[in-house]
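Every chain is numbered from 1, with letters handed out A, B, ... down the list of sequences. Note that the structure is predicted; figures quoted are calculated from it, not measured.
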Number of protein chains: 2
Amino acid sequence: MKLTNSEWQLMNCLWERHPATARGIAERLPDDVTWAYTTIRTLLARLVDKGAVREYKEGKTSLYEPLLARDTARRSALKTLVNQAFDGAYGPLMHFLVNDRRLSRQQREALARILENQSEKKGE
Amino acid sequence: MKLTNSEWQLMNCLWERHPATARGIAERLPDDVTWAYTTIRTLLARLVDKGAVREYKEGKTSLYEPLLARDTARRSALKTLVNQAFDGAYGPLMHFLVNDRRLSRQQREALARILENQSEKKGE
DNA sequence: GCTCACTTACGACATTTGTAGTATTTTCAG
DNA sequence: CTGAAAATACTACAAATGTCGTAAGTGAGC
């Protein structure tokens, strides 16, 4: 199940709190996202189509609830990225993370050691 | 600089060996990618447009060379993913990686320890 | 019962992405 | 030189994505 960028925004809101109305989601979107109400509706409809979200009526109001689990979506996004940009293997991704400057020297060294082990074992 | 999926395929070939001709790239694409020659040309043109690739003539043949560094592209893709799916922070990404079953128990435990340190420091 | 504000249903439209086709120019083997 | 094979340039086009607009329905007060 692949989500587009805008779909992630909505899903993030939904995962955080659900069920939710379209209006409720609108209110909890990040400040830099200023979509028209109908835009949100359209996106939700697409998500329902994809089977990532369930829509049901409570009286007359539409409520939305995620069907797709956040972890599942994350795993899938990560896999896509890894295939696309890291030769399809998690090793290179880890490697990259290690060599990147977001970790302190200590953390990097420790991680690097782990990676050595991992590469000897040849992961999936 | 954002690359699309098919652009990644091409770039991966280019990073591996360059400069390269369109034909040369065609030959080194993964087996499951069977694009027409013109498709590759179109994609390369788009990459040149974006400034990710440089095209120049060696005599009459067009040669292509990456301008965008692989690491830069990776960093950017990772950042996009993190923003989209991991609350914009690398911590949750690491966390996810650790809890995922791609690492052996040992590796996971070691990584987890590292992460504890990291979260105390509050990363970017 | 009528109106106003909000919700819903549906359609719309520009851009981006994936994937080629065609027509023209070059090139290379005979 | 000649004709076939390869390269270029340009155009095309459907599907996916981002982003609404409008018209019709509905419920809550006056």
Side-chain angles (χ1 to χ4, degrees), chain A residues 1-14 19-65 68 73 76-77 80-81 83-85, chain B residues 1-14 19-65 68 73 76-77 80-81 83-85:
Chain A
M1 176 88 54
K2 184 150 182 66
L3 301 177
T4 71
N5 203 311
S6 11
E7 286 168 350
W8 271 100
Q9 307 275 166
L10 290 196
M11 290 305 283
N12 284 334
C13 287
L14 265 188
T21 63
R23 183 62 58 191
I25 291 172
E27 278 156 16
R28 277 178 301 112
L29 279 170
D31 290 345
D32 53 317
V33 179
T34 53
W35 290 329
Y37 178 80
T38 51
T39 299
I40 294 174
R41 239 56 207 345
T42 301
L43 289 174
L44 280 170
R46 286 180 189 170
L47 283 167
V48 169
D49 252 30
K50 286 190 183 185
V53 164
R54 182 169 86 92
E55 176 178 10
Y56 63 96
K57 300 276 184 179
E58 169 108 343
K60 305 277 174 159
T61 354
S62 288
L63 292 183
Y64 297 89
E65 194 160 49
L68 177 66
S76 146
T80 298
L81 178 73
N83 281 331
Q84 198 169 252
Chain B
M1 176 91 53
K2 186 152 182 60
L3 301 177
T4 72
N5 202 311
S6 10
E7 286 168 351
W8 271 99
Q9 307 273 167
L10 289 195
M11 290 305 282
N12 284 333
C13 286
L14 265 188
T21 63
R23 183 61 59 189
I25 292 171
E27 278 156 15
R28 276 177 302 111
L29 279 170
D31 289 345
D32 55 317
V33 179
T34 54
W35 289 329
Y37 178 81
T38 51
T39 301
I40 295 174
R41 236 59 204 343
T42 302
L43 289 174
L44 280 169
R46 287 180 188 169
L47 284 167
V48 169
D49 253 30
K50 287 190 182 184
V53 164
R54 182 169 85 92
E55 178 179 8
Y56 63 96
K57 300 276 183 179
E58 168 107 342
K60 306 277 173 154
T61 356
S62 287
L63 292 182
Y64 297 89
E65 195 160 50
L68 177 66
S76 146
T80 298
L81 178 74
N83 280 332
Q84 196 169 254

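Using a 4.0 Å heavy-atom distance criterion, B:Ser6 is classed as a sugar-phosphate-only contact.
Applying the salt bridge (charged side-chain N to carboxylate O under 4.0 Å, His left out) rule to pairs touching residues 31-50 of chain A yields A:Glu7-A:Lys50, sequence neighbours excluded.
The C1' atoms of five pairs define one axis at each end of the helix from C:dG1-D:dC30 to C:dG30-D:dC1, and these two axes lie 10° apart (to 10°).
The shortest heavy-atom contact between A:Ala22 and A:Ile40 is O-CG2, 4.2 Å. Annotation for B:Met1 and B:Ala52: closest pair SD-CB, 4.2 Å, computed over non-hydrogen atoms. Considering all non-hydrogen atoms of both residues, B:Leu47 and B:Leu3 come closest at CD2-CD2, 3.8 Å. Considering all non-hydrogen atoms of both residues, B:Cys13 and B:Arg28 come closest at O-NH1, 3.1 Å.
Comparing A:Thr34 and A:Lys2, the nucleotide of DNA chain D nearest to each residue sits closer to the 5' end for A:Lys2.
For A:Arg23, there are no side-chain hydrogen bond (donor to acceptor under 3.5 Å, both in side chains) partners, not counting sequence neighbours. Listed by chain and number, the residues in a side-chain hydrogen bond (donor to acceptor under 3.5 Å, both in side chains) with A:Ser6 amount to none (sequence neighbours excluded).
Regarding A:Leu29, its CG atom lies at a distance of 12 Å from the P atom of D:dT19, rounded to whole Å. Between A:Ile40 atom CD1 and D:dC20 atom C1' there is a gap of 12 Å when expressed in whole angstrom units.
Of the possible polar contacts, none joining the A:Asn5 side chain to the B:Gln84 backbone as a donor-acceptor pair under 3.5 Å is found.
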Would you tabulate the pairs of protein nitrogen or oxygen atoms and nucleotide nitrogen or oxygen atoms of nucleotides 6-9 of chain D closer than 3.5 angstrom?
residue	atom	partner	partner atom	Å
D:dA7	OP2	B:Arg23	NE	3.0
D:dA7	OP2	B:Arg23	NH2	2.7
D:dT8	OP1	B:Ser62	N	2.8
D:dT8	OP1	B:Ser62	OG	3.4
D:dT8	OP2	B:Tyr37	OH	3.0
D:dT8	OP2	B:Arg41	NH2	2.7
D:dT8	O5'	B:Arg41	NH2	3.2

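Note that CG of A:Leu29 is 9.5 Å distant from OG1 of A:Thr34, once rounded to the nearest 0.5 Å.
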Criterion side chain to side chain contact (heavy atoms under 4.5 Å, CB included) on A:Leu43 and A:Trp35, from CA distance to verdict: CA-CA 10 Å; A:Leu43 289 174; A:Trp35 290 329; 3.8 Å; yes

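Along DNA chain C, the stretch of nucleotides lying under 4.0 Å from any heavy atom of chain A spans, 5' to 3', C:dT7 to C:dG11.
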